[in-house]
Structure formats: C-alpha cells, structure tokens
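In what follows, chains carry the letters A, B, and so on, assigned in the order in which the sequence lines appear, proteins first and then strands, with residues in each chain numbered from 1. When reading the values below, keep in mind they use all heavy atoms of this one structure, side chains included, and skip hydrogens, waters and symmetry mates.
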Number of protein chains: 2
Amino acid sequence: MLQGTASSNAPDPVGRGVHARRRILSAALELLADAGMRGFTMEAVARQAGASKATLYRHWPSASALLVDAMDAQFRPAPQPSTGDLRADLVAILDGFVRALTDTPFPRLMAAFIDAAERYPELADLHTELTRRRRAPALRLLADAQARGEITLDIDPDVIVDLLAAPFFYRRFVAHRPIPADLPAVVVDRVLATMRTRDKTPDDIPKDLPRPQERAPSARTATRRQRGRHDRQERGRQ
Amino acid sequence: MLQGTASSNAPDPVGRGVHARRRILSAALELLADAGMRGFTMEAVARQAGASKATLYRHWPSASALLVDAMDAQFRPAPQPSTGDLRADLVAILDGFVRALTDTPFPRLMAAFIDAAERYPELADLHTELTRRRRAPALRLLADAQARGEITLDIDPDVIVDLLAAPFFYRRFVAHRPIPADLPAVVVDRVLATMRTRDKTPDDIPKDLPRPQERAPSARTATRRQRGRHDRQERGRQ
DNA sequence: TATCGATACTGTACCGTATCGATATGCTCC
DNA sequence: GGAGCATATCGATACGGTACAGTATCGATA
C-alpha cells in the first residue's frame, strides 16, 4: 500500500523482534509529538526506544519509512455512534474530536503530520488516507439520515463533513484559540439547519433546535464569548 | 511585545545593513517554506542570503528570534472588500484564501508555522496574532451587516468566521483534497442561510439564495457570480 | 566609521555501516 | 518430556563522514 515501508505488508515477525519493533514505533511517535521533524532522528528514536540504531535500520530502510509505519500503526478507528438521532450522533463525533484535540498529545502529533505531509509525498498520501478513515463515521451518519428522509443532501456530503469538522482543527492549529465546550452542538445545529427537509422531521430531534427563521433565544448565552489566555491585545504595527 | 526579537520594534538601521537584513529575512522564509523547521538553520539561511553567519548573529540572538521577525515581516494585511453586498464580499475574501492556498508558496510556509507554533510558545503567540489580523476583514463585514439589520448575530461572530474560513484550511492541510472553485460561495451561502433576518432582507441580495425551507434546486448554479474583484491578498514574500 | 563577507575554529550531533557478544526462541535428540 | 543446540534477533559500541552552533578575526566597502 505505501511503498517505502520495509515490513508493513509482511506478517509481524515472531520472537523477540516484535517487542523491539513496537517499542521503536512508539518511541518514534513520542519524539515526533515532542519535537516535530527536527527531533525525529534515527539516533533519538533509538535512544528513546532503548534500541540499537542497527535494529532500526534492520527494520526500516530510512527514517521516512519508519515514520510512515509509525503513523499508520498509531491510527485507531473512530467509533461509529448510531442512536438514530442524527444531531446527537454528530455531536458525539465532534465531541470526540474536541477531546482528542484538547486532552491528548494528538494535536502535537497532528501538527507534525501537517508539516511532514507538505514535504514528503508518501506521508501526504498516508495522511489523506487516515483523515478519510476519520471522516467515514460522519459520512455514514449523513447517508443514513438521507436514506431516512431526514435531511436533503443537495451538495457533496464531503463538503458537509468539512463544514462540521473543520472549525475544530482550525481553532486548534490556526487560530490557537480555546474550543468552547458547546461548539460541537453549535456547529452541528448551524449545518443541519440548512439541510432539514420541510416535510419530514423526526420527533426525536430536540425541539429547541435553532431552525432558521424561528430560532431559540438560548443559542446566544450558550456561546458567550468565552475567551481565555489566547485573547491578545492590539499590536502597534500593521 | 514579542520577546526574543532583537529589532522588530526598533527603527530599521540605515546603511548597508538594511539590505543584508532584508535578504536574510527573505531567505529565512524561503528555507522554511522549502524544508520546514528541519531546513531552517542559521548556516542554511546565511548561505541562501549570501550573508555571513556572523551577520545573522549580529541581528538576532537566536534562530527562533530570527524566525519570529521573518514571520512578522512576511505578513500582508488582507484587503477589506466593502461593496455593501455581504455575500459577495465574504465570497471575495474566501476566494482570496483559496488563491493563497493553491497558487502560492503560502501553504508550505503555513504548514511550517503550524508545526513551529506547537513547539515554540513565542511563535504560537505571533501565529495567533497574524491569524487574528487575517480574520479582521470578515469580522468587520459581519458587524456592518448586523448594523444594517441584514443578519442576526446571535452567536459569537468569531464562530461564524470559523465556520467560513475553516473548511479551506482543513481541506488543504488535513484532508489534502482539492478545493472546488465554487466552495467559497457554497460555504458562504450555507453559513448565511442561518443568519438572515426574516423582516429585513436588502434587495441587493440574490433572490436565488438558498434559504432554508425554500431551497434553490442547486446551490452550485445559484452561486456563480462576482469574481475577480481584488487580486491582491496576503501571502508569503514576493 | 559602521557594517559587511569571508574564513577559521572548536564542540556537538547525526548518518549509515560494521562488528561482537548476549539472549530468547524453536527444534532435535535422547 | 526435558536437556541441549542452532538460529535469529537483539543491544552495545565504534567508526568515518557530514552538518550545524556559536564565536573570533580580518580585510573590504559604502
């Protein structure tokens, strides 16, 4: 699948080798998260893993091959919520994003991926694939809801998923501002509001859902500014 | 303001030094865009700039101080479209984003920023500030439209700007998928649809705008207009 | 006169390869 | 079923080569 990797296709070797391999893959990700591509050296990985440099080169022909394997091994498929309540399920998915972006080392790893993908084509391909897998649950929810007649998908569903997922990554990696706890609900409501079918709206949808034209007044207080330490004052120059 | 920079606040020195300083700042950004933080070394910058390493250390105490200055010097304020047509102005801004993300070296620089900001706090602060400036025109458009009674801002306007801007960065840096030419219009229409006031809708708003509940048959055909207003936007170097 | 480019220098870090002894695993043979 | 051996894998270490950090010096130049 991804060329350049020495052993991702082969069955895991038996015996003592497995342990060294796993230690090395974990160490590679730790280093990448801690120090980015600058800290990702074969020497440092070997040190961190308590392994010999020779062992690294026995398993992977190059640092980038090791990195691809490490990225691939790290991925955990996202859960697929399916309570039948589209809004709740989407919010659950986005809540998972928020947790991953705030309470785990994932964002530091992600930032390194973003940078690495820009410069190593094989990493860009893998990054694309991993992102595709992360998006699959939301895409499926939308397709199911459309099949039930709950929503009208008159545009590319991938764009809808973009609208849903993008704000969280943007806040974390570009705007560097805190993510309000209710942002998943706010985003889902905004996006769903443009897709509800007039004729059929299931009863299990919360009634205070802010439909356009007849919005619940609570959305305002729910999203009160909420700025933290990232709020900065004006700078002197332009 | 940004500690660690040797001279960003001081007036530019006169004489031959100015030229060397500018060459070095440009070279720093070129290297950062080309090879990320790995390629950003004082030696490489000096080579690229045709300068002496000693000259670099005369101006900046460290590599990160140089990087902060280079990032700061690169920024060009985004234009502020204001035709009075909220939709057209927002689309113009997002078109500028798309051009910067597809036709310039800006994204490679941006990816390096994203990674660097994760590991160097002073770069994160600067990145936050630069992003804030990039968002200012859209925020002002929304405030003006609200003042005109054209839209109802019942949530944090920053969240609206997030919804508008995020999909483009997400597509480019996370999903690694091409950005359709009509995505700005699609995004603007989706987001505006949830904010239009019922009572007052200015006449200069296109009538085929996909309102929720009475949607135009295709958001695609409905959003084909107003292109090529301003051709200048912020990007990296020249 | 201030700034610059060029050069040299020491110290450190990493690359990629080679070698060697240690050890866990699996198989054979009794 | 257990002792013993063969094999694969491992960690440690060393090596020459390259690159970069940061400082110092000196002559050139605007």
Side-chain angles (χ1 to χ4, degrees), chain A residues 4-8 10-32 34-70 112 116 119-120, chain B residues 4-8 10-32 34-70 112 116 119-120 122-123:
Chain A
T5 79
S7 50
S8 66
D12 277 357
V14 290
R16 213 169 64 174
V18 178
H19 306 116
R21 220 183 111 83
R22 296 218 173 118
R23 285 200 329 265
I24 291 168
L25 288 174
S26 293
L29 289 182
E30 284 175 31
L31 276 170
L32 191 64
D34 284 348
M37 285 299 286
R38 290 204 80 150
F40 185 80
T41 67
M42 294 297 253
E43 292 242 358
V45 172
R47 259 198 310 271
Q48 178 94 5
S52 163
K53 267 203 301 177
T55 303
L56 269 69
Y57 284 102
R58 283 179 195 123
H59 284 280
W60 298 275
S62 68
S64 69
L66 165 59
L67 186 52
V68 168
D69 264 12
R119 289 160 236 292
Y120 304 88
Chain B
T5 81
S7 50
S8 66
D12 278 354
V14 290
R16 214 170 64 175
V18 179
H19 306 118
R21 201 167 180 279
R22 296 218 173 118
R23 285 202 326 267
I24 291 167
L25 289 174
S26 292
L29 288 182
E30 284 175 32
L31 277 170
L32 191 63
D34 284 348
M37 286 298 287
R38 290 205 79 150
F40 186 79
T41 67
M42 294 297 252
E43 291 243 357
V45 172
R47 259 198 311 271
Q48 179 94 3
S52 164
K53 265 204 301 178
T55 303
L56 268 69
Y57 283 103
R58 284 179 194 121
H59 284 279
W60 298 274
S62 67
S64 70
L66 166 58
L67 185 53
V68 168
D69 264 12
R119 289 160 236 292
Y120 303 88
E122 70 271 25
L123 292 186

_What contact category does B/Ala44 fall into here, base, sugar-phosphate, or nothing, at under 4.0 angstrom with non-hydrogen atoms?_
nothing
*So what does A/Ala54 hit on the nucleic acid, given a heavy-atom distance under 4.0 Å: a base, only sugar-phosphate, or nothing?*
base
*Find which nucleotide of DNA chain C each of A/Gly39 and B/Ala51 is nearest to by heavy atoms, and output the residue with the more 5' nucleotide.*
B/Ala51
_Any strand: nucleotide that pairs with D/dT29 via Watson-Crick or wobble, under 3.5 Å_ = C/dA2
_Here's a test of your reading of the structure: between A/Arg38 and A/Gly50, which maps to the more 5' nucleotide of DNA chain D?_
A/Gly50
_Which nucleotide wins on minimum distance to the side chain of B/Thr55, given the candidates C/dC4, C/dG16, D/dC20?_
C/dC4
*Separation of atom NE2 in A/His19 from atom P in C/dT25, rounded to whole Å*: 7 Å
_Any donor-acceptor N/O pair under 3.5 Å between D/dG11 base and A/Arg58 side chain_ = yes
*With the side chain of B/Met42 defined as its heavy atoms from C-beta on, choose the nearest nucleotide among D/dA21, C/dT17, D/dG11.*
D/dA21
_Side chain of B/Ser52 - closest among C/dG16, C/dG5, C/dC4_ = C/dG5
*Starting at CD of A/Glu43 and ending at P of D/dG17, how long is that distance when rounded to a whole Å?*
17 Å
*For B/Arg23 and B/Ser26, what are the C-alpha separation, side-chain angles and deciding distance, and is it a side chain to side chain donor-acceptor pair (under 3.5 Å)?*
CA-CA 5 Å; B/Arg23 285 202 326 267; B/Ser26 292; over 6 Å; no
_Could you identify the nucleotide paired to C/dT10, looking across every strand shown and requiring Watson-Crick or G-U wobble geometry with both distances under 3.5 Å?_
D/dA21
*Look at all strands and tell whether A/Arg47 reaches a base, only sugar-phosphate, or nothing, counting heavy atoms closer than 4.0 Å.*
sugar-phosphate
*A/Ala20, nearest nucleotide to its side chain (from D/dA21, D/dG11, C/dC14)*: D/dG11
